[in-house]
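Structure record follows, encoded as structure tokens.
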Protein chains: 2
Amino acid sequence: MQYEFKDKAANAYRLEEQVGFLLRRASQRHLSIFTQMLPDLTSTQFATLAKLCEMGPTSQNALGRAVAMDAATIKGVADRLRARGLVMATPDEEDRRRHYLSATEEGRALYERTAHAALAITGETLAPLDADEIETFLTLLRKLC
Amino acid sequence: MQYEFKDKAANAYRLEEQVGFLLRRASQRHLSIFTQMLPDLTSTQFATLAKLCEMGPTSQNALGRAVAMDAATIKGVADRLRARGLVMATPDEEDRRRHYLSATEEGRALYERTAHAALAITGETLAPLDADEIETFLTLLRKLC
DNA sequence: GACATTTTGTTCGTATACAAATGGAATTTG
DNA sequence: CAAATTCCATTTGTATACGAACAAAATGTC
């Protein structure tokens with residue numbers, strides 16, 4: 001050991017053993033797989049488009065809550081999807097603050113065309129685990145959200 | 001179901017069941033805990049400072065590899081740590097491309113002062129799991145990196 | 001009906017994250 | 001030794017991510 005630590009904590013701390021570090025690395029690997037297998041959209045863009053196709057017309061903030069993005073983040077994602085013509089906005093007659101987001105024909109078509117790739121990405125990400133391990137892992141991971 | 005999908009994949013796709021989505025949400029919760037319990041440094045800044053204290057003087061890219069950040073990312077992190085006086089750079093005499101990064105006295109002191117909080121953050125993140133589940137989860141998570 | 005609160009969407013600032021390109025330096029190899 | 005390759009650090013551009021502050025609109029309460 002190159003240095004002496006007065007406090008035990010600094011000695012006991014190993015970055016490689018911390019959940020946060022492992023979560024970050026697992027996410028990195030997943031996102032790398034995603035980019036390779038589905039270069040058309042980013043992971044967050046696909047998630048947003050998928051949820052929008054599932055939910056139908058939704059306000060921007062509500063959509064953000066559904067995909068776990070705050071208002072500032074979902075705005076950027078929605079803007080980029082709109083710029084690509086995959087999503088469109090229509091004003092809400094009843095609430096003048098709100099505009100509904102919905103998938104365009106092109107957006108829906110892209111989603112239907114790429115959904116199988118998204119499922120394959122999940123499979124590839126979990127490939128190092130066997131079926132039992134996958135179920136165990138997802139159960140535990142769900143508890144940490 | 002509001003829409004008909006020609007392709008089965010779009011029907012089978014559920015965002016909430018995908019590893020990527022769960023990893024993102026677990027990371028969000030972890031980072032939220034981190035910010036609350038250790039507001040002095042970001043998660044990545046702490047990881048970098050910790051690794052630097054552990055390794056001693058290290059080139060910027062080598063440090064980046066140790067904490068799983070690419071060259072562009074580690075540069076920003078290192079710059080911000082240097083701007084705060086927690087890390088300093090000294091040129092390498094042998095290799096004129098390289099400059100060694102090392103923790104300053106202040107950086108090391110901050111690390112030693114906060115290492116226990118970092119361990120507590122890991123504990124809090126894993127709090128929804130019991131001891132056996134933690135071991136299982138970390139074992140499986142490690143396989144996905 | 002008046003006022004406080006909440007909700008919606010936006011903007012700003014800061015901090016990761018990574019692809020791609022660059023230039024300079026060191027190393028490998030033929 | 002010269003050429004090809006690799007390595008180091010930097011820069012640019014794009015895309016999350018979130019805190020904080022804001023105005024306009026809707027809702028709740030008294």
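Below, all heavy atoms of this structure are taken into account, side chains as well, without hydrogens, waters or symmetry copies.
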Rounded distance (Å) that lies between atom [atom2] of [N] and atom [atom1] of [X]:
{"X": "A:H30", "N": "C:dA17", "atom1": "NE2", "atom2": "C1'", "value": "15 Å"}
{"X": "B:L101", "N": "D:dC8", "atom1": "CG", "atom2": "C1'", "value": "12 Å"}
{"X": "A:R80", "N": "D:dA17", "atom1": "CZ", "atom2": "C1'", "value": "11 Å"}
{"X": "B:D95", "N": "D:dA9", "atom1": "CG", "atom2": "C1'", "value": "11 Å"}
{"X": "B:L81", "N": "C:dT16", "atom1": "CG", "atom2": "C1'", "value": "13 Å"}
{"X": "B:R96", "N": "C:dG23", "atom1": "CZ", "atom2": "C1'", "value": "14 Å"}
{"X": "A:L41", "N": "D:dA15", "atom1": "CG", "atom2": "P", "value": "11 Å"}
{"X": "A:E94", "N": "D:dT27", "atom1": "CD", "atom2": "C1'", "value": "15 Å"}

Can you sort out the partners of [X] under salt bridge (Lys or Arg N to Asp or Glu O under 4.0 Å), two or more places apart, ordered by chain and number?
{"X": "B:D79", "answer": "B:K75, B:R82"}
{"X": "A:E16", "answer": "B:K51"}
{"X": "A:R98", "answer": "A:D92, A:D95"}
{"X": "B:R113", "answer": "none"}

Taking for each residue the nucleotide of DNA chain D with the nearest heavy atom, is it B:D79 or B:Q28 whose nucleotide lies nearer the 5' end?
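In this pair, the answer is B:D79.
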Heavy-atom nearest nucleotide on DNA chain D for B:Y100 versus A:V77: which residue maps closer to 5'?
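Result: B:Y100.
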For residues 57-66 of chain A, which side-chain N or O atoms pair as donor and acceptor with protein atoms under 3.5 Å away, sequence neighbours left out?
| from | atom 1 | to | atom 2 | distance (Å) |
| --- | --- | --- | --- | --- |
| A:T58 | OG1 | A:G56 | O | 2.5 |
| A:S59 | OG | A:A62 | N | 3.2 |

Is there a side-chain polar atom (N or O) of [X] under 4.0 Å from OP1 or OP2 of [N]?
{"X": "B:T35", "N": "D:dG19", "answer": "no"}
{"X": "B:R24", "N": "D:dT16", "answer": "no"}
{"X": "A:Q45", "N": "D:dT16", "answer": "yes"}
{"X": "B:T42", "N": "C:dT16", "answer": "yes"}

If the plane angle is over 60° it's perpendicular, under 30° parallel, otherwise tilted; pick one for A:Y111 and B:Y13.
perpendicular
Residue pairs passing the salt bridge (charged side-chain N to carboxylate O under 4.0 Å, His left out) test where at least one lies in residues 25-44 of chain A, sequence neighbours excluded
none
Check this for me: does any side-chain nitrogen of one of A:E106 and A:R84 sit under 4.0 Å from a carboxylate oxygen of the other?
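So A:E106 does not pair with A:R84 through a salt bridge.
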Under the side-chain hydrogen bond (donor to acceptor under 3.5 Å, both in side chains) test, residues paired with A:T122 that sit two or more places apart:
B:Q18
B:S27: partners by side-chain hydrogen bond (donor to acceptor under 3.5 Å, both in side chains), with sequence neighbours left out
none
Give me the other members of the hydrophobic cluster that A:L22 sits in, counting Ile, Leu, Val, Met, Phe, Trp and Tyr linked by side-chain heavy atoms under 4.5 Å, directly or via other members.
A:V19, A:L23, A:L126, A:L129, A:I134, A:F137, A:L138, A:L140, A:L141, A:L144, B:V19, B:L22, B:L23, B:L126, B:L129, B:I134, B:F137, B:L138, B:L140, B:L141, B:L144
To the nearest 0.5 angstrom, please state how far the CD atom of A:Q36 sits from the CD atom of A:E124.
8.5 Å
Identify which nucleotide among C:dT10, D:dT10, D:dC18 has an atom closest to any side-chain atom of A:H99, counting heavy atoms from C-beta outward.
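Looking only at heavy atoms from C-beta outward on A:H99, the closest nucleotide is C:dT10.
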Tell me which residues in residues 60-75 of chain A lie within less than 4.0 Å of DNA chain D, going by non-hydrogen atoms.
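Of all residues in residues 60-75 of chain A, the ones placing a heavy atom under 4.0 Å from DNA chain D are A:D70, A:A72, A:T73.
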Could you list all N or O pairs between the protein and nucleotides 3-6 of chain C that sit under 3.5 Å apart?
none

Show me the protein contacts with nucleotides 21-23 of chain D, counting only N or O atoms at under 3.5 Å.
none

For A:S43, which contact category applies under a 4.0 Å heavy-atom criterion: base, sugar-phosphate, or nothing?
nothing
